[in-house]
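Here is the structure we will look at, set down as structure tokens.
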Amino acid sequence: MKEKISVIIPCYNQTTLLERNLRYLEKQSFKDFKIVIIDDNSSENYKEVILKFPDLNIEYVRNEKNLGAMGNIFKSIFYKMDSPYKISL
């Protein structure tokens, strides 16, 4: 099913912030969204955080090498999505 909104979260070594963002998204009454987490080759374990949210539709992407903050943000902006609307956190 094609989601109405894609929520893209570029991140690097901020698992606490990611978990807080996912908790906010989990509480939303609007549920027609997909979350894409783009990990900029972090040393922290994002998969462990994602497992805490089995009811959220999450896609996890890990860069093979660190692109830097701007590189990862640009990747998130241009990441191919099927949904008609996209927002980046």
Side-chain angles (χ1 to χ4, degrees):
M1 180 176 101
K2 186 190 285 189
E3 296 79 11
K4 188 148 192 116
I5 298 175
S6 295
V7 178
I8 304 174
I9 306 173
C11 48
Y12 177 75
N13 286 342
Q14 299 253 341
T15 52
T16 304
L17 180 59
L18 175 65
E19 186 168 347
R20 184 172 38 183
N21 286 332
L22 293 177
R23 291 215 184 281
Y24 288 132
L25 289 168
E26 184 178 50
K27 293 177 183 178
Q28 298 301 309
S29 58
F30 180 84
K31 297 291 184 185
D32 192 14
F33 61 86
K34 176 178 186 171
I35 301 165
V36 180
I37 297 168
I38 302 180
D39 174 6
D40 199 17
N41 203 303
S42 301
S43 60
E44 295 184 12
N45 190 349
Y46 282 100
K47 290 182 181 182
E48 186 176 286
V49 173
I50 293 167
L51 289 173
K52 295 178 182 181
F53 301 91
D55 294 334
L56 291 177
N57 182 5
I58 300 175
E59 177 183 342
Y60 175 74
V61 178
R62 180 176 168 85
N63 297 336
E64 289 183 23
K65 65 177 187 171
N66 185 292
L67 303 177
M70 291 307 296
N72 202 34
I73 289 169
F74 279 117
K75 182 175 181 173
S76 73
I77 291 169
F78 296 108
Y79 192 77
K80 176 76 172 120
M81 301 300 305
D82 292 330
S83 57
Y85 302 102
K86 176 169 46 171
I87 184 169
S88 182
L89 300 181

Distance col, row N72:CG vs N66:CG, nearest 0.5 angstrom, shows 8.0 Å

Considering residues, nucleotides and ligands other than Y24, do more than 12 of their heavy atoms fall under 6.0 Å from its OH?
no

Polar side-chain atom of Y46 near backbone of N13 as donor-acceptor pair, under 3.5 Å:
yes

Side-chain donor or acceptor of E44 paired with backbone N/O of T15 under 3.5 Å:
yes

Are L22 and I87 linked, directly or through intermediate hydrophobic residues, by side-chain heavy-atom contacts shorter than 4.5 Å (ILVMFWY only)?
yes

Sole candidate of I37, N21, D40 that passes side chain to side chain contact (heavy atoms under 4.5 Å, CB included) when paired with C11
I37

Verdict with supporting geometry, I35 and F53, side chain to side chain contact (heavy atoms under 4.5 Å, CB included):
CA-CA 11 Å; I35 301 165; F53 301 91; over 6 Å; no

Which of K65, K75, R62 passes salt bridge (Lys or Arg N to Asp or Glu O under 4.0 Å) with D39? It is R62

Short side-chain to backbone donor-acceptor contact, K4 and Y85, under 3.5 Å
no

Would you say I9 and F78 are hydrophobically clustered, going by side-chain heavy atoms of ILVMFWY under 4.5 Å?
no

Side chain to side chain contact (heavy atoms under 4.5 Å, CB included) filter on Y79, not counting sequence neighbours, yields I8, V36, I38, E59, V61, M81

Apply side chain to side chain contact (heavy atoms under 4.5 Å, CB included) to residues F33 and L25 and explain how you reach the verdict.
CA-CA 9 Å; F33 61 86; L25 289 168; 4.2 Å; yes

Spacing of K34 atom NZ and L56 atom CG [to the nearest 0.5 Å]
13.0 Å

Does CG belonging to L51 count more than 12 external heavy atoms closer than 6.0 Å?
yes

Sidechain-backbone polar pair: N63 side chain, N41 backbone, donor-acceptor under 3.5 Å:
no

List the atom of I50, the atom of Y60, and the distance in Å for their closest heavy-atom pair.
CD1-CD1, 3.5 Å

Which heavy atom in E3 sits nearest to a heavy atom in D32, and how many Å separate them?
CA-OD1, 3.5 Å

So, taking the atom named NZ in K52 and the one named CD1 in I58, what distance separates them when rounded to the nearest 0.5 Å?
12.0 Å

If two hydrophobic side chains count as joined below 4.5 Å and joins carry through other members, does Y12 share a cluster with L17?
no

Between CD on residue E26 and NZ on residue K31, distance to nearest 0.5 Å
7.0 Å

Give, for atom CZ of R20 and atom CG of L18, the distance between the pair rounded to the nearest 0.5 Å.
10.5 Å

